[in-house]
Amino acid sequence: MKIYEFTEQFPDETSCKMHFKAVREQEGIICKGCGSTNHYWLQSKWQWQCTNCRFRTTLRSGTVMHSAKLSFYKWYLCMAFMSSTKKGVSALEMQRQLGHKRYRTIWVLMHKIRSGMGKRDDRYTLEGMIELDEGYFEKTTSIHTPLKRGRGSQAKTNVAVMAESTALEDLETGAQSSQFRYAKMKVLASHKSSEINDVATQNISRTATLITDKSTSYEEFSKLFETHLSFKSDKETTRTTLKWVHVNISNAKRNLLGVYHMMAGKYLQNYLNEFCYRLNRRYFGENLFNRIVVATVANN
Ligand SMILES: [Zn+2]
């Protein structure tokens with residue numbers, strides 16, 4: 001959404017709250033007391049009341065903003081900025097744009113939105129033909145230590161990167177190629193093969209065809225998935241068979257370094273959530289803003 005459109009559609013706090021109410025009702029409100037989905041709206045209290053047990057649900061409760069004090073207006077403006085740029089916005093830039101006093105508040109807000117994006121993408125599993133490889137992302141231990149560019153002694157975080165693609169064949173030449181569809185990136189806490197097995201089975205359909213290199217970490221994939229194809233890791237494989245997973249790894253690294261300049265290891269997953277969320281919705285155009293609002297309505 002462009003900022004001038006935002007100011008037209010959302011001139012004040014009430015317009016943001018009304019929009020959020022509508023999005024939540026569309027997604028469905030689940031009563032924390034009894035699990036019922038039937039509610040009526042108490043306008044004077046800005047709360048829903050369960051028709052079954054009378055338990056009340058506030059606009060924010062059960063969403064990523066449940067304990068936040070920031071106004072809906074700033075929260076919405078932040079999502080509008082996030083959706084208006086192709087590459088993302090740093091918290092410092094966001095703080096400046098929002099004219100907010102405290103950096104930390106904006107930083108937390110953006111991470112909450114990113115965490116909502118991750119939860120939303122977790123609802124989907126990759127299907128069909130999946131390339132899988134691991135990427136090594138540099139990390140810093142403090143959010144105040146900027147990342148150094150190039151080779152350094154910094155610790156690296158291991159990330160499982162998965163890319164769903166479809167095979168294409170040129171009808172005239174018969175040349176094989178593939179088209180990229182969706183990606184997932186998951187920080188791995190260890191190098192154990194049990195962990196990569198868990199991440200793969202949580203994110204990829206069992207009926208998928210997995211394409212990896214010959215690393216021993218993937219030995220059990222043939223038992224876990226319908227088809228597992230492994231190829232020798234070399235330049236040719238990187239360019240062809242595992243093309244999309246490598247394109248995504250290098251784009252993610254460039255994006256994270258370029259926009260955020262720093263990423264503490266602990267928060268890397270959130271930055272990757274935002275990167276994949278945008279990537280998977282790259283054709284959404286103007287609808288991206290609405291989808292980000294939906295992502296902040298958790299219920300998950
Ligand atoms: Zn209830």
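First listed ligand is number 1; within each ligand, the first listed atom is number 1. Model, not experiment: these values are computed from the prediction. All residue numbers refer to positions in the sequence shown, counting from 1.
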Checklist entry - Are W107 and L92 close enough that some pair of their side-chain heavy atoms sits under 4.5 Å apart? => result no
Next on the checklist: Contact between W46 and T58 at the side-chain level, heavy atoms closer than 4.5 Å - yes or no?
Outcome noted: no
Checklist entry - Looking only at side chains, do Y76 and Q9 share a donor and an acceptor under 3.5 Å apart? => result no
Next on the checklist: Ignoring waters, how many N, O or S atoms from the protein are under 2.8 Å from the Zn ion (ligand 1)?
Outcome noted: 4
Checklist entry - Are any of the side-chain nitrogens in E236 or R239 under 4.0 Å away from the carboxylate oxygens of its partner? => result yes
Next on the checklist: Per the salt bridge (charged side-chain N to carboxylate O under 4.0 Å, His left out) rule, what does the pair list look like for residues 74-99, sequence neighbours excluded?
Outcome noted: E93-R96
Next on the checklist: Ring centroids only, cut at 6.0 angstrom: are F289 and F10 within range, meaning strictly under it?
Outcome noted: yes
